[in-house]
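Following: one structure in C-alpha cells, then a few remarks.
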Amino acid sequence: MERIAVIDFETTGISPGADCRATEIAAVLVENGRVVDRYQSLMNAGVRVPAFIEQLTGISTAMLKSAPSAATVMAEVADFVGAAPLVAHNAAFDQKFWDAELARIGRERQQPFACSLLLARRLLPDAPNHKLGTLTRWAGLPATGQAHRALADAEMAANLLGHLHERLASHYGLRQVSHPLLCQLQKVPAAKVDAFLARAAGRA
DNA sequence: TGCCAGGCCCTCTTTAGGGCCTT
C-alpha cells in the first residue's frame with residue numbers, strides 16, 4: 001500500500017474566513033496499515049477562540065498566542081505530507097481549511113482527498129452513527145487520547161482507515177486497496193457498493 | 001441591507017425538506 005497522510009484540523013468555526021481559522025493541525029503518515037510518522041502543532045492565526053470551541057477542543061486564545069504562526073506551521077505540515085494522498089474524516093471540512101490555509105502562504109494542494117466518513121457509510125452501514133468517536137468505540141479501535149485534539153483525531157481516523165481496509169479484505173477479498181480506488185468507492189451509491197467491489201476484486 | 005457552510009443521503013422525493021458530519 002502506498003504512503004497515505006491522514007490529517008485533522010481544529011479550527012475556530014465551521015467555514016474558513018477572516019474570523020474563522022485553523023488553530024491546530026495534525027498529520028499521520030500511514031504505510032501498510034501502520035503509522036510511521038506524526039506531525040502536530042498548534043498555530044497562531046491571530047484570531048480569538050470562541051468560548052464554545054475552547055470548551056469543545058480545550059484550545060484557548062492564550063495557548064495560541066505562544067504557538068508558531070499559521071504560515072510557519074502550514075509550510076511545515078505541507079512539507080511533512082509531501083505528495084502523499086490525503087484522507088480525513090468528513091474530508092470536505094478539512095479540505096476547505098487545508099486549501100484556504102495553504103492559499104494564504106501561496107501554495108496549492110496537488111493530491112486528492114479521500115473521506116473516511118463517506119467510506120464508513122458505505123462499508124459500515126450498521127454502525128449506530130458515523131461520527132469518528134462512535135466508529136472508534138463501535139469497532140473496538142484503540143483510544144488515541146483527548147478527542148477533538150488534532151493528533152488524537154488524526155490517529156483515530158488512521159485507525160478507522162485500517163479497519164476499513166480490513167473490512168475490504170475480509171468481505172470483498174481486496175487486499176491491495178489504492179487511494180484512487182477509495183476515491184472512487186466513496187462516490188458509489190450505497191446500493192451499488194457490493195457490485196462495485198466485486199468488480200474491483202475481479203480486476204485485482 | 002441582510003444574510004452567514006455545504007455536500008451527502010434518505011424519503012412521507014425529483015416542482016423538496018431535513019438530518020448527518022466536521023469545528
Side-chain angles (χ1 to χ4, degrees), chain A residues 5-28 40-64 67 70 73-74 77 81 86-104 109 112-139 141 144-161 163-164 182-197:
Chain A
V6 183
I7 71 157
D8 185 77
F9 275 106
E10 304 305 319
T11 74
T12 60
I14 217 71
S15 190
D19 295 330
C20 184
R21 297 287 304 275
T23 58
E24 188 178 48
I25 175 81
V28 298
Q40 178 189 32
S41 182
L42 292 168
M43 65 177 89
N44 183 2
V47 292
R48 284 183 51 80
V49 179
F52 83 98
I53 295 284
E54 180 175 343
Q55 182 130 18
L56 178 70
T57 66
I59 297 170
S60 67
T61 305
M63 289 165 66
L64 298 183
V73 171
M74 287 308 300
V77 71
V81 165
L86 295 163
V87 172
H89 198 69
N90 197 11
F93 174 85
D94 292 278
Q95 180 178 324
K96 278 190 302 186
F97 279 92
W98 182 265
D99 290 351
E101 293 292 349
L102 277 190
R104 288 177 177 272
R109 175 173 53 90
F113 263 95
C115 177
S116 57
L117 167 64
L118 295 181
L119 293 167
R121 281 178 175 161
R122 285 159 177 77
L123 297 173
L124 307 174
D126 296 332
N129 62 55
H130 295 90
K131 295 178 182 177
L132 185 56
T134 301
L135 290 170
T136 293
R137 289 185 293 274
W138 180 77
L141 300 172
T144 57
Q146 183 188 348
H148 296 297
R149 286 301 298 265
L151 185 59
D153 283 5
E155 294 213 48
M156 265 196 279
N159 290 336
L160 173 59
L161 184 66
H163 184 73
L164 296 175
L182 295 179
C183 289
Q184 285 184 279
L185 174 58
Q186 70 186 11
K187 296 177 185 170
V188 173
K192 297 184 178 177
V193 164
D194 283 353
F196 173 84
L197 290 173

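Just so it is clear: chains get the letters A, B, ... in the order the sequence lines come, proteins before strands, and each one is counted from 1.
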Considering only distance and modelled atom types, tabulate donor-acceptor pairs under 3.5 Å from the side chains of residues 127-136 of chain A, sequence neighbours left out.
residue: A:N129; atom: OD1; partner: A:K131; partner atom: N; Å: 3.0
residue: A:N129; atom: OD1; partner: A:T134; partner atom: OG1; Å: 2.9
residue: A:H130; atom: NE2; partner: A:L124; partner atom: O; Å: 2.9
residue: A:T136; atom: OG1; partner: A:L132; partner atom: O; Å: 2.9

A:A45 to A:A22 - nearest heavy-atom pair and separation = CB-O, 4.1 Å
Hits for salt bridge (charged side-chain N to carboxylate O under 4.0 Å, His left out) against A:R109, two or more places apart or cross-chain, chain-then-number order -> A:D99
What is the nucleic acid contact for A:T57, judged by heavy atoms within less than 4.0 Å: base, sugar-phosphate only, or nothing?
-> sugar-phosphate
In terms of the angle between their ring planes, are A:F113 and A:W98 parallel, tilted or perpendicular, with boundaries placed at 30° and 60°?
-> perpendicular
For B:dT23 and B:dA16, measure between their C1' atoms and round to the nearest Å.
-> 28 Å
Give A:R122 one of three labels, base, sugar-phosphate or nothing, depending on what nucleic acid heavy atoms sit under 4.0 Å from its own.
-> sugar-phosphate
Going by heavy atoms closer than 4.0 Å, what residues in residues 43-50 of chain A are next to DNA chain B?
-> none
For B:dT14 and B:dC9, measure between their C1' atoms and round to the nearest Å.
-> 14 Å
Taking the same atom, P, in B:dC12 and in B:dG7, what whole-Å distance lies between them?
-> 25 Å
In whole angstroms, the gap separating P of B:dT23 from CD of A:Q55 amounts to 15 Å
Can you list every pair that meets salt bridge (Lys or Arg N to Asp or Glu O under 4.0 Å) and has a residue in residues 118-127 of chain A, with sequence neighbours left out?
-> none
Take nucleotides 17-22 of chain B nucleotide by nucleotide from the 5' end and write B, S or -, depending on whether a protein heavy atom sits under 4.0 Å from the base, only from the sugar-phosphate, or from neither.
-> ---BBB
Quick note, salt bridge (Lys or Arg N to Asp or Glu O under 4.0 Å) partners involving residues 7-27 of chain A, not counting sequence neighbours, are A:R21-A:E101, A:E24-A:R149
Take atom CZ of A:F113 and atom C1' of B:dG6, then tell me their distance rounded to the nearest Å.
-> 16 Å
Are any side-chain N or O atoms of A:D153 and backbone N or O atoms of A:H148, one a donor and one an acceptor, separated by less than 3.5 Å?
-> yes
Taking atom P in both B:dT15 and B:dT22, compute the distance separating them and give it to the nearest angstrom.
-> 32 Å
Please output the side-chain donor-acceptor pairs of residues 184-194 of chain A that fall under 3.5 Å, not counting sequence neighbours, one pair per line with the distance.
residue: A:Q186; atom: OE1; partner: A:C115; partner atom: N; Å: 2.6
residue: A:D194; atom: OD1; partner: A:Y172; partner atom: OH; Å: 2.6

Side-chain atoms of residues 48-57 of chain A: list all donor-acceptor pairs with protein atoms under 3.5 Å, sequence neighbours left out, distances to 0.1 Å.
residue: A:T57; atom: OG1; partner: A:I53; partner atom: O; Å: 2.9
residue: A:T57; atom: OG1; partner: A:I59; partner atom: N; Å: 3.0

Taking side-chain hydrogen bond (donor to acceptor under 3.5 Å, both in side chains) as the test, write out the residues that go with A:T11, two or more places apart.
-> none
Between B:dC8 and B:dC3, how far apart are the P atoms? Round to whole Å, please.
-> 28 Å
Separation of B:dT23 P from A:F97 CZ (nearest whole Å) = 10 Å
Rounded distance in Å - CG (A:L185) to P (B:dC8) | 14 Å
Rounded to whole angstroms, how far apart are CD on A:Q146 and P on B:dT23?
-> 12 Å
If you pin A:S15 and A:A190 to their nearest nucleotides in DNA chain B, which one's is more 5'?
-> A:S15
Protein-nucleotide distance (A:W98, atom CH2; B:dA5, atom P), rounded to Å = 25 Å
If you measure from the P atom in B:dT13 to the same atom in B:dG18, how many Å do you get, rounded?
-> 13 Å
